[in-house]
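The block underneath contains the structure these notes are about, expressed in structure tokens.
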Amino acid sequence: MQPPAIRTSQLTKRYGPLFALDDLDLTVAAGEVFGFLGPNGAGKSTAIRLLLGLARPTAGRAWIFGIDAADVATAHRRIAYVPADVTLWPQLTGAEILELLGATGPGVDRAYRDELVARFELDLSKPARAYSTGNRQKVALVAAFATRAPLLVLDEPTSGLDPLMEREFRRAVAEVRDSGRTVFLSSHQLAEVEAVCDRVGILRAGRLVDVATMPELRRLRRTEVLVRFAGPAPDLTGVEGVDGVQVDGPALRFTLTGPPGPAMRALAAADVTTLTMREPTLEEIFLDYYGESGR
Amino acid sequence: MTISGSPRSGTATAAVTRLALRQVSRGALAVTAVAAGTTAIVVAGYQGTVGGALDAAALAALAENPAIRTLFGEPVALDTAGGFTVWRTGTVLAVLLSVWGLLTTTRVTRGEEESGRWDLLLAGRLTVPAVLGRHLVVLAAAVVLAGTTVGVVLTAAGTPSAGALRYAAGLTLVGLFAVSLALLAAQVMPTRAGASGATLAVLGVGLLARMVGDGIAALGWLRWLSPYGLLALTGAYHDDRLLPLLVLSAAALVPAVAAMALAGRRDLRAGLVTAPAGRPPRRWLLGTVEGFAARRLLRPLAGWSVGIGTYFLLIGLLTVSMTRFLSDNPRFAELAGQAGFAELGSVRGYTATMFALLAAPIGLFAAIRLAEFVAAETDGRLTSLYAQPVSRTRLLAAETLATLAGVAVLLTVAAVTTWLGAYPMDARLPLTAALAGTWNVLPIVLLCLGAGLLAVGWLPRATAAIGALPAVGGFLLQVIADSADLPDQVVAISPFAHLAAVPAESPNWPAALVMTAIAMVAAALGLLNHRRRDLLG
Ligand SMILES: Nc1ncnc2c1ncn2[C@@H]1O[C@H](COP(=O)(O)OP(=O)(O)OP(=O)(O)O)[C@@H](O)[C@H]1O
Ligand SMILES: [Mg+2]
């Protein structure tokens with residue numbers, strides 16, 4: 001059986017008294033598109049730098065397709081990386097940077113690279129000092145997508161892209177997935193994560209709080225329910241899974257966690273005229289996670 | 001927003017001043033300490049011993065010798081402690097202060113700007129000229145501090161205050177000239193490196209003009225065109241002239257005024273001269289990390305080669321006047337020996353002395369290359385290469401090898417240009433002797449490289465300082481030791497103390513081997529921890 005694309009065991013990084021990453025145990029299977037979420041300073045970039053061997057863990061270990069992440073010369077043959085802020089050699093042109101990264105990297109599909117350059121509308125003749133933030137990111141993205149590396153590690157790769165380029169990015173991720181490769185994507189763009197990721201991990205204050213597939217996340221989380229009724233208000237006190245009840249004249253709002261059975265039975269006694277249930281958006285789910293006490 | 005303007009912009013400029021102070025103060029204190037310390041030691045040493053050893057005949061011979069004049073300038077007023085100190089340390093300190101001033105100026109202005117850290121600053125109500133103006137004031141204050149401290153040291157040592165004042169003013173003005181020229185270049189050139197390079201080139205030509213003007217009497221007027229020449233023409237402790245100081249003041253003022261006028265007319269992060277917006281790719285040397293290290297080296301190496309080549313061409317040409325001088329003054333060798341310059345009694349001795357100087361710039365070259373590697377790591381340029389399937393050790397080794405190749409080129413360039421300068425005049429300096437002479441300093445350069453690598457591994461932010469220490473620190477120690485009576489154990493710390501005067505003597509092989517071994521141990525220790533530590537940035 002193929003080893004997981006990424007596996008970490010009690011991976012920890014301390015900066016003085018601060019635990020930037022605390023005991024991370026994570027497995028990302030080969031072929032998966034994995035989203036890595038968390039508020040600013042949660043430790044996402046730190047985790048990625050540890051996976052890349054750019055920083056050394058205080059404790060714990062990480063493996064890339066079963067290879068110790070500390071053995072960078074071997075492990076990096078399987079990784080393409082886009083850092084959070086891309087700095088390029090200012091005097092090299094885009095074409096020269098792609099040439100350098102292609103020649104020293106894990107192998108490159110030149111035809112696909114040329115196609116990506118066209119799709120991302122990249123002007124390769126400019127020296128890097130003349131590129132805007134988004135264009136620098138596009139150079140790094142094209143270089144990463146065009147490699148034959150089976151794992152792409154992307155740290156907030158679309159923070160500077162416009163909506164059109166964002167769409168190209170999602171297409172490129174889908175193509176990577178179709179070719180059976182793995183993507184590890186750290187991002188604050190929840191719509192993007194929702195669109196491309198199979199599974200997400202949520203990091204807060206250096207700790208992994210949850211790992212789940214998209215549907216699982218939804219199921220675990222609260223649904224908003226709005227009930228209109230005629231006659232006396234239904235009594236929901238003490239009903240399992242019900243929270244935040246607000247009575248507003250002939251309307252009743254509450255949130256529901258878990259299976260809806262008990263709440264439905266309690267409502268059955270009342271004269272319900274309409275019942276609306278709204279699934280939370282991903283944003284609400286994450287605001288829930290991020291907002292919990294102590295980042 | 002309708003917040004009243006003046007109090008807000010007052011606090012904003014104060015904040016900019018504090019920012020500039022924070023970035024300049026440490027270096028300013030270090031330069032001041034080195035300048036004041038060197039001056040104090042030399043002036044005290046003169047009063048202790050050297051003064052008595054120089055008799056009238058020896059002084060006359062020194063004043064006549066073109067080699068000595070080229071090196072230290074016209075020897076005037078050597079019979080006074082102040083005059084001797086100025087002659088012995090004036091050029092060295094002026095070069096130190098002006099190079100520090102220029103590098104600091106481009107670093108805290110264009111460097112900060114290119115890193116994007118000024119975007120936030122300038123998003124407020126401050127304009128580019130306003131921010132530059134605050135930085136200029138702080139940089140000027142730093143230079144004034146160094147110059148004044150030297151003057152205070154000389155006065156405290158009991159030398160006449162008129163001379164101390166002239167010299168301190170001259171030294172300060174040379175530093176101000178460098179700062180103001182660098183500020184102008186930073187407005188004009190497309191990049192920070194370009195601005196540093198252009199200013200360095202002007203200062204280099206200025207030093208050259210000073211050397212030629214002092215060495216060849218007919219070309220003495222050249223000194224009026226050079227900040228270092230003007231400093232010498234001031235004749236501190238001798239005739240205390242005022243006109244050169246006035247010329248220097250004007251030379252320092254004009255570029256600063258021009259810089260402030262131009263500052264508002266350019267885009268942020270760009271000079272008035274803009275780089276071309278696009279070009280076809282040049283794909284050579286992009287295939288391997290070793291090739292890429294070589295490619296990044298080529299441009300700076302070309303600059304260094306031109307600089308070093310020009311100097312040593314001049315040195316070669318001067319060997320001729322040296323030969324003539326020696327045959328005209330048969331007693332010189334003896335006299336020079338009495339005054340502590342025994343090695344200057346022959347052409348080979350003279351070139352050997354000049355070749356020993358080579359260790360300082362080439363050691364600095366090696367340290368700067370490694371510091372630039374660390375800078376690329378810190379600002380993230382190297383991140384994409386560190387993420388490639390290439391071990392860290394291979395990346396650093398590639399950089400080291402490229403630097404070593406650059407060192408070999410520079411040593412060879414110095415030898416060939418010296419030989420070319422001397423050959424047409426038949427100065428009896430074969431190419432092999434010149435090569436032996438320049439390559440003789442290789443162990444000191446290796447020490448710089450080793451120290452630099454040690455720093456890259458353990459204290460990366462101090463790479464430039466630690467890497468330059470063996471050559472620059474050793475050289476300063478040697479200058480001090482030549483003029484003051486230091487204990488032998490202290491002098492022995494300087495690698496220059498273990499350098500044989502090749503081609504006048506044969507190389508000191510045991511010392512060369514020991515230095516090389518130390519360098520290799522330091523390099524190995526550095527590489528070891530570079531592999532293990534966190535990357536910066
Ligand atoms: N080199 C360092 N030295 C000290 N502290 C650091 C260093 N790098 C990161 N940290 C700290 O570690 C914590 C995690 O930082 P990290 O960059 O991993 O966050 P992040 O999740 O990527 O945040 P963002 O979403 O803003 O990119 C932060 O508190 C940060 O200040
Ligand atoms: Mg981050």
Side-chain angles (χ1 to χ4, degrees), chain A residues 13 15 46 48-58 70-107 123-130 133 136 139-140 143-144 147 149 153 155, chain B residues 114-116 119 190-194 267 269-271 274-293 295-296 298-300 372 375-395 398 529-537:
Chain A
K13 181 68 182 177
Y15 291 110
T46 303
I48 287 175
R49 289 172 66 81
L50 292 175
L51 291 178
L52 264 288
L54 301 178
R56 297 298 191 221
T58 311
D71 178 6
V72 291
T74 318
H76 288 185
R77 246 175 253 154
R78 291 163 182 79
I79 304 188
Y81 170 52
V82 175
D85 15 42
V86 179
T87 313
L88 304 172
W89 297 90
Q91 66 276 31
L92 297 189
T93 65
E96 288 161 358
I97 290 164
L98 289 182
E99 175 73 28
L100 173 71
L101 296 182
T104 56
D123 177 0
L124 287 183
S125 71
K126 278 194 192 173
R129 80 165 67 82
T133 313
R136 283 203 303 276
V139 173
T147 62
V153 177
D155 193 353
Chain B
E114 275 171 23
S115 72
D119 292 6
T191 61
R192 167 191 170 187
D267 295 340
R269 295 197 219 183
T274 48
R279 60 174 168 81
R282 305 179 196 129
R283 295 178 197 279
W284 42 274
L285 288 179
L286 288 176
T288 57
V289 292
E290 287 79 10
F292 186 52
R295 177 171 161 140
R296 280 181 292 119
L298 285 180
R299 195 185 282 231
E372 164 58 20
E377 175 188 327
T378 311
D379 68 22
R381 274 174 288 162
L382 273 176
T383 305
S384 55
L385 286 184
Y386 276 121
Q388 300 290 55
V390 167
S391 72
R392 287 192 195 181
T393 304
R394 186 173 152 206
L395 267 176
N529 205 52
H530 169 257
R531 215 162 48 114
R532 284 203 294 247
R533 70 170 168 82
D534 289 356
L535 294 183
L536 304 170

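Lettering of chains follows the sequences in order, A, B, ..., and the numbering in each one begins at 1.
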message: Please check this pair: side chain of A:Arg56 against backbone of B:Arg531, looking for a donor-acceptor N/O pair closer than 3.5 Å.
response: yes

message: Keeping B:Arg282 on the side-chain end and A:Thr93 on the backbone end, is there a donor-acceptor pair under 3.5 Å?
response: no

Would you name the heavy atoms of [X] and [Y] that are closest together and state the gap between them?
X: B:Arg381; Y: A:Pro90; value: CD-CD, 3.8 Å
X: A:Ala73; Y: B:Pro389; value: O-CB, 3.5 Å
X: A:Ala103; Y: B:Gly287; value: CB-O, 3.5 Å

query: Which answer fits A:Leu124, side chain, backbone, both or neither, if we ask what part of it has an atom under 4.5 Å from a heavy atom of chain B?
result: neither

- prompt: So which of A:Ala80, A:Gly105, A:Ala130 has the largest heavy-atom pair count under 4.5 angstrom toward chain B?
  reply: A:Gly105

- request: Could I get the full list of side chain to side chain contact (heavy atoms under 4.5 Å, CB included) partners for A:Ser125, not counting sequence neighbours?
  value: A:Asp123

statement: Applied to residues 78-100 of chain A, the salt bridge (charged side-chain N to carboxylate O under 4.0 Å, His left out) test, sequence neighbours excluded, yields A:Glu96-B:Arg279, A:Glu96-B:Arg295, A:Glu99-A:Arg110, A:Glu99-B:Arg283

Where on [X] is there a heavy atom nearer than 4.5 Å to chain A: the side chain, the backbone, both, or neither?
X: B:Leu536; result: backbone
X: B:Arg299; result: neither
X: B:Thr288; result: backbone

Which value, rounded to the nearest 0.5 Å, describes the distance between [X] atom [atom1] and [Y] atom [atom2]?
X: B:Leu286; Y: A:Thr104; atom1: CG; atom2: OG1; answer: 9.0 Å
X: B:Ser384; Y: A:Ile97; atom1: OG; atom2: CD1; answer: 8.0 Å
X: A:Leu101; Y: B:Phe292; atom1: CG; atom2: CZ; answer: 8.5 Å
X: A:Leu52; Y: B:Tyr386; atom1: CG; atom2: OH; answer: 13.5 Å

Is the shortest heavy-atom distance from the side chain of [X] to the side chain of [Y] under 4.5 Å?
X: B:Thr383; Y: A:Leu54; result: yes
X: B:Leu535; Y: A:Arg49; result: yes
X: B:Gln388; Y: A:Pro106; result: yes

